[in-house]
Amino acid sequence: MVGANILLVESDKTSAPSFAPALEKRGYAVTIAHGSAEAVARAQSTGPAVIVLDAASLKTSGARMCRDLRKVLPQARILLVVDKKSLPF
């Protein structure tokens with residue numbers, strides 16, 4: 001999957017840019033979206049193979065964001081990242 005396009009979805013504008021260079025160095029093309037609406041728009045325009053979604057940082061729930069992205073890109077793999085503080089156990 002090296003060379004695949006990855007969409008990083010992170011509302012914190014300082015975190016995603018720190019991850020992008022590491023992925024690009026390994027041969028991935030990286031697109032960054034800050035927020036739910038931008039994520040759907042970028043997914044439509046770039047067609048990423050993988051979406052890394054920081055659920056804790058978004059105003060929309062992670063499950064809702066996954067559903068919205070699935071409507072646009074049913075074949076994309078979505079990695080949902082959550083903060084352990086947000087887990088019920």
Side-chain angles (χ1 to χ4, degrees):
M1 192 175 272
V2 174
N5 186 13
I6 297 176
L7 175 61
L8 294 177
V9 183
E10 169 77 65
S11 66
D12 177 6
K13 295 186 179 188
T14 60
S15 295
S18 65
F19 296 123
L23 292 167
E24 290 168 340
K25 186 176 181 178
R26 288 167 177 79
Y28 297 99
V30 179
T31 303
I32 299 172
H34 301 290
S36 303
E38 186 179 350
V40 171
R42 301 262 179 178
Q44 288 175 319
S45 67
T46 64
V50 177
I51 300 168
V52 179
L53 177 61
D54 182 357
S57 73
L58 299 173
K59 292 179 184 174
T60 305
S61 77
R64 172 64 188 257
M65 189 71 241
C66 285
R67 282 193 300 271
D68 292 346
L69 289 166
R70 281 273 174 245
K71 289 178 187 174
V72 176
L73 289 171
Q75 75 283 4
R77 295 181 176 145
I78 300 175
L79 176 61
L80 184 61
V81 180
V82 296
D83 183 332
K84 73 177 189 175
K85 293 179 210 170
S86 65
L87 296 174
F89 47 89

Arg77 versus Arg70, closest heavy-atom pair with distance = CA-NH2, 4.5 Å
Please round to the nearest 0.5 Å and tell me the distance separating atom CG of Asn5 and atom OG1 of Thr46.
-> 4.5 Å
Contacts satisfying salt bridge (charged side-chain N to carboxylate O under 4.0 Å, His left out) that involve residues 28-51 (not counting sequence neighbours) are Glu38-Arg42
Considering non-hydrogen atoms only, spot the tightest contact between Val30 and Ala20 and give its length.
-> CG1-CB, 3.8 Å
Shortest non-hydrogen pair, Ile78 vs Cys66, comes out as CG2-SG, 3.8 Å
Between Ala39 and Leu69, the two heavy atoms sitting closest are O-CD2, 3.9 Å
Kindly give the heavy-atom pair with the smallest separation between Glu10 and His34, and that separation in Å.
-> O-ND1, 2.9 Å
Mind checking what makes side chain to side chain contact (heavy atoms under 4.5 Å, CB included) contact with Arg67, not counting sequence neighbours?
-> Ala63, Arg64
Give a yes or no answer on whether the side chain of Asp68 reaches the backbone of Val40 with a donor-acceptor pair at less than 3.5 Å.
-> no
Taking all non-hydrogen atoms of both residues, which atom of Gly35 and which atom of Val9 are closest, and how far apart?
-> O-CG1, 4.1 Å
In sequence, state the C-alpha distance, the side-chain angles, and the governing distance for Ile6 and Ile51, and then conclude on side chain to side chain contact (heavy atoms under 4.5 Å, CB included).
-> CA-CA 6 Å; Ile6 297 176; Ile51 300 168; over 6 Å; no
Non-hydrogen side-chain atoms of Leu73 and Pro48 separated by less than 4.5 Å | yes
State, yes or no, whether a side-chain contact exists between Leu8 and Leu23 at a heavy-atom distance under 4.5 Å.
-> yes
Only counting residues at least two apart or in another chain, list the ones meeting side chain to side chain contact (heavy atoms under 4.5 Å, CB included) with Leu79.
-> Val52, Val81
